[in-house]
Amino acid sequence: MKNPFAKKNKRARTWAQRTGIFFCTAAAVLLLLAVSASHGAAYMFNRIAANQDVVKGSLTVNTIAADLQGRITFTDLVWDDASGNRILYVPSGSLRVNPWDFILHRRIKTTTLREVTLNDSTVTAYFDKDMQADLIGQDEAERLSKGQKRSLDEKVRNLNVSGKKFNVRLCLNNCRFEAYHQNNHYIMSSVDAAIALKSNEYMNIDFSSGPFAGTSVGDGITVSGTIDLKPELPEMDLAVNILKVDPSSLGFGQSIHDPLTLKTYAAGPVTRPTAQGKLSMEKLSLPALDFTDVTGDVTYSNGLFTFTNVRADVYNGKLTAHGDYDINTRAYHIYGTGTDLDSRIALKRIEFSCLVALDINMECDGDPKNVLTYGSFRSGKGSYFPLRFNFIRGNFSNRRNVLEFYDVAIDTKFGLFTTDALRIERGQVILGDINVVFPGSTNAFNIFSPNPSDNRWSETKENMAQIKKNMASLNEASGHMRESAPAMKESIAAIKENARRIKESAGRTKGAIIRP
């Protein structure tokens, strides 16, 4: 085989030289372009900042660098509005642009920007009734958080996207996101998001947050799916999960903090979507009731959540429930039915044994202080040792930590005991009149009255005292009887033995002649 680099092979030698020169030149050009890109990054950024009309105000950075792929990295980006108010601060991030718009077309468009990445920053957004977004500064956010409205000057948008075309991807890494919509305010930490937007076509969303606060409090929010931008009114197709939200922050009472998780699928126009999904709670503690493994179906439409097929375990029994919740007024209604509740578990007293059926209702007008819980209960046969009963029934209500029982009846073989009032307030038990109707009688006899001025009360006290005294004497006598039982047994045995001997002696002497 001939050596292509031999002196005699001039053509091959020339080809090799030209190839080497080409690659060396290309490498030098690439190096020059890389150096130029790095040194020209500030120029590129200034061109973008000067020619864009999407954000109003000024954009500045501390350091900046670029590469050949059009990626521009920066530190300490600051966006101030025309009045010098801070809208956004980004410790570090990057932009990716289409370099050919600079090289070939020498012009900048909104589609020149292909990607924006923000790291460790705080983004604050305001959404109007039509869900149009605007980015706002912290000063305005503080005023909105106090319930103030946007001023006329503030309604001039800081973010102008009307009529603009975009083909961009927004990435948030470990950011803080604040959102304001009508009277709702949400603060989300540890936000990671990837949002791809192509104007008049689609918006793809992959959003997740850590703990959130504000109007409601919880462990996290996730949103994933697509918004179709082709219709005149964009339509959403999103999976929205709200993780371990505190019910009290939604208005479900002031002391209900057991986490609630909602996993929903939302669809329809962005201004009036509908949603359906599932709710779940590991436990739910209400006054005198502790539920576990709570699950159910949830739907949403026009600001109203509707709960159906709600099921839970309660004191070895079962609960089924349904209800609704208005997200705007925070008013709600919940209706439940419980079966086979075990009184021993509910009262933590093994001597009180019966199964209870329960109807429970919860209502609130939007003010957590006005939560009203009420219902009725009825038991089957049971016992409160040593007393046995046929049933216990009654009604109850609970408002502002005052638990009341009324129309209570206990049916026993000794009679029907009834009371119209039994109240537990701040841990203190307050009794009303207790009456009894004895078997075969139609008249009620009062055995307890809380009114000391009532004549029956004096008689009742004396009767109860005498009963207690008699019971004490009986217990004492029973104790003595138990102590003397062995001696009594021995005495009875001796009496039986003497009787046997007398009987035997009488048998031997029967028929004998007695001589003088």
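These figures come from a predicted structure and were not determined experimentally.
Of the candidates V116, L118, T73, S94 forms a side chain to side chain contact (heavy atoms under 4.5 Å, CB included) with just one, namely T73. Just one of I242, L243, I187 meets the side chain to side chain contact (heavy atoms under 4.5 Å, CB included) condition when paired with F212; it is I242. Screening D120, T117, N119 against N173 for a side-chain hydrogen bond (donor to acceptor under 3.5 Å, both in side chains) leaves a single residue, N119.
Screening residues 263-277 for side-chain hydrogen bond (donor to acceptor under 3.5 Å, both in side chains) gives D237-Y265 as the qualifying pairs, with residues at least two apart or on separate chains. Legend: side-chain hydrogen bond (donor to acceptor under 3.5 Å, both in side chains) pairs involving residues 191-219, not counting sequence neighbours, sorted by first then second residue: N204-T226.
Rounding to the nearest 0.5 angstrom, the gap separating the CZ atom in R114 from the CG atom in N167 is 5.5 Å. Taken to the nearest 0.5 Å, the CG atom of D411 stands 4.5 Å off from the CG atom of N390. Taking CG from D324 and OH from Y300, the interatomic distance works out to 13.5 Å, rounded to the nearest 0.5 Å. We find the CD1-CG distance between I64 and L95 to be 7.0 Å, quoted to the nearest 0.5 Å. Here the OG1-CD1 distance, from T122 to I87, works out to 13.0 Å after rounding to the nearest 0.5 Å.
Here the closest non-hydrogen pair linking S285 and I256 is O-CG1, 4.3 Å. A pairwise comparison of heavy atoms in C354 and S343 identifies N-OG, 2.9 Å as the closest pair. Of all non-hydrogen atoms in R344 and F352, the two that sit nearest each other are CG-O, 3.1 Å. Scanning both residues, D258 and K283, for their nearest heavy atoms gives CB-O, 3.0 Å.
At least one donor-acceptor pair under 3.5 Å links the side chain of S379 to the backbone N or O of I392.
For K230, the NZ atom is densely surrounded, since the number of other residues' heavy atoms within 6.0 Å is greater than 12.
With a 4.5 Å cut-off on side-chain heavy atoms, L197 and L229 count as touching.
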Where do T63 and T75 land on the side chain to side chain donor-acceptor pair (under 3.5 Å) test, with the steps shown first?
CA-CA 5 Å; T63 64; T75 62; 2.4 Å; yes
Determine whether Y315 and L289 satisfy the following criterion, side-chain contact (heavy atoms from CB on, under 4.5 Å), listing intermediate values before the conclusion.
CA-CA 8 Å; Y315 304 139; L289 289 170; 4.0 Å; yes
Can you check side chain to side chain donor-acceptor pair (under 3.5 Å) on H185 and Y180, steps first, answer last?
CA-CA 5 Å; H185 170 214; Y180 294 83; 3.0 Å; yes
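Under the 30°/60° scheme for interplanar angles, the aromatic rings of F377 and F405 are found to stand perpendicular.
With sequence neighbours excluded, no residue forms a ring-ring contact (aromatic ring centres under 6.0 Å, His included) with F307.
In the model, D76 has a side-chain atom that pairs as donor or acceptor with a side-chain atom of Y89 under 3.5 Å.
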